[in-house]
Asks: 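The structure under discussion is supplied below as structure tokens; questions concerning it will follow.
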Amino acid sequence: MLYIELALQGLVNGSMYAIVAVGLTLIYGLLRVLHVAHAGLFTLGAYITVLLTNATGSLVAGTLISMLVVGIVGMVVYRLLYEPLLAQPPYVALIASIGLFIAMEEGYRIIFGPYGNSFASTWLTERVTLGPFSMAAADVAMLLGAIVLLIFLAVLMGRTRLGMAWRATVTDPAMARSFGVDTIKVRYGIFFVASVFAAVAGSLVAVLNNLVEPTMGDVPSYKSLAIIVLGGLGNVTGTLLASLLLGVIEAYGTIYTGAYLDRDAIAFVFLIAVLMIRPQGLFGAR
Amino acid sequence: MLEVRDLVCGYGHLVAVHGVSFSVKAGEALAILGANGAGKTSTLMALAGHVDIKGGSITFGDEDVTRATPMDRCGRGIAITPEGRRLFSDLTVRENLMVGGYLRSMARAKINLEKVLDLFPRLKERLHNRAGSLSGGEQQMVSIGRAMMAEPKLMMIDEVSLGLMPKNVDICYEALDKLRSTGLTLILVEQSLERVLSIADQVCVLDSGAVAWTGSAGEARGNPEILDAYMGGAH
């Protein structure tokens, strides 16, 4: 029973990693930029959700408004930060992105204070019993949220013209333009979708921990970078599988290696081990 | 239909084409010939909007499209089948074709897809395969089909026969012949003369980024020494 519960817990964490990392990999695939400030949007999403939920009493309304606002902020970040730097070498955009992430964290500290915010009502911390298994309601919400978002993403990318345009733009932007794809709109669209995902992940983590603090994006930022490398940079399916795999490995690792290896260190031991065997990542093409 | 006047284009500081002029009437097929490095592909890519135009003008229909974006040109009816095909290799054949029809309504794209499959029946069984997994000949068919999906008035094809088996070259040229008979205007860039002269009405030979000779395809066939002088025996 312990093994199954650990696997479930791993899938819950893996789902959160997946929602954050898939946005990063979408953006990397399109612009070849490591969008570190994505984790800053994750934190922003959490803050907006907790503040609006406490103000209105509705978690759904809080989360929806958070998704919309963070999606728009993501597009603004693209316009003001990345677009002027696209002609520069990739490390310029990376440094700018790290700078923005630090600035966002400090901004949250100044605006919302250093001690964190919590939900006034905590019904999501109650436990749900499914047969022999017992999970926090927030864990169930995380799993369901991830499933809904990932199905939405699969349909968007595989069945819609925007998805086709995005994938064509990733392969050959000049040819995509030749057939009428507005690659600028595709970029804004992808930043919006990726940022909405970050907002959902931030909101779900806020509910899970019943705490939002300025530095809550730190762990997702470096762990999602490890995940997109593991998944094969720009590979969406690889990123999803790597997220779930890492979640499960961490869950078992905390039980069996917890005495000498911190939970957050497991991701990097795993990353180093994989890159020694497959430098292109678990699911990347050589 | 297309009038190119004193076109100067290139990449950054490098000028690849120095003052090229030619025109194509509606329904005509123009062959642009020349040895490697003569400026054929640069001219075609400039017409498609992918190379910096440093001077001259391009008029399509009655409109000046010299500064138009590739998207605008596609909307006005200019489509390209580029050198090396440049398919979206991770997308399926169907998706590649649908991207070709991106500016058209879904209903029109579906009608055009049927036309492409009528022209290249072999693609029917490949529709759900990744484009990158196809043979060179099949990829060329997808590339021509993708351009057809844009409902062009002018289709530009760069090195249709390059690297293909003779059987596939035949299939592609037969398809181009059929398209021409529907009134489509063609510009073909080729190093291989025999096939392209069988389909072209006019010939423009480029040498070192400038026009070296122009004339009808009949005149070109009757004067092999002219072509020899500029093609370096490539044909």
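Below, chain A is the first sequence line, B the second, and so on; all start at residue 1.
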Asks: Is it the side chain or the backbone of Arg104(B) that comes within 4.5 Å of chain A heavy atoms, both, or neither?
Replies: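 Contact with chain A is through the backbone of Arg104(B) alone.
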Asks: Would you check if there is a donor-acceptor pair between the side chains of Tyr78(A) and His35(A) at a distance under 3.5 Å?
Replies: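 The answer is no; no qualifying pair exists.
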Asks: Tell me, side chain or backbone of Arg73(B) under 4.5 Å from chain A's heavy atoms, or both, or neither?
Replies: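 No part of it gets close to chain A.
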Asks: Is Lys110(B) atom NZ crowded by more than 12 heavy atoms from other residues, nucleotides or ligands, each under 6.0 Å away?
Replies: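 Result for NZ/Lys110(B): open.
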Asks: Measuring heavy-atom distances to chain A, does Met149(B) have an atom under 4.5 Å in its side chain, in its backbone, in both, or in neither?
Replies: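 When you check distances to chain A, no heavy atom of Met149(B) falls under 4.5 Å.
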Asks: For each of Ala147(B), Gly75(B), Ser89(B), Gly100(B), tally heavy-atom pairs with chain A at distances under 4.5 Å, and name the one with the top tally.
Replies: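 Counting heavy-atom pairs under 4.5 Å, the top option is Gly100(B).
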Asks: Does the Arg146(B) side chain pair with the main chain of Arg85(B), one donor and one acceptor, at a distance under 3.5 Å?
Replies: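 Flag set: sc Arg146(B) to bb Arg85(B) pair under 3.5 Å.
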Asks: Any side-chain donor-acceptor pair under 3.5 Å between Tyr11(B) and Ser42(B)?
Replies: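 On atom types as modelled, these side chains qualify, holding a pair under 3.5 Å.
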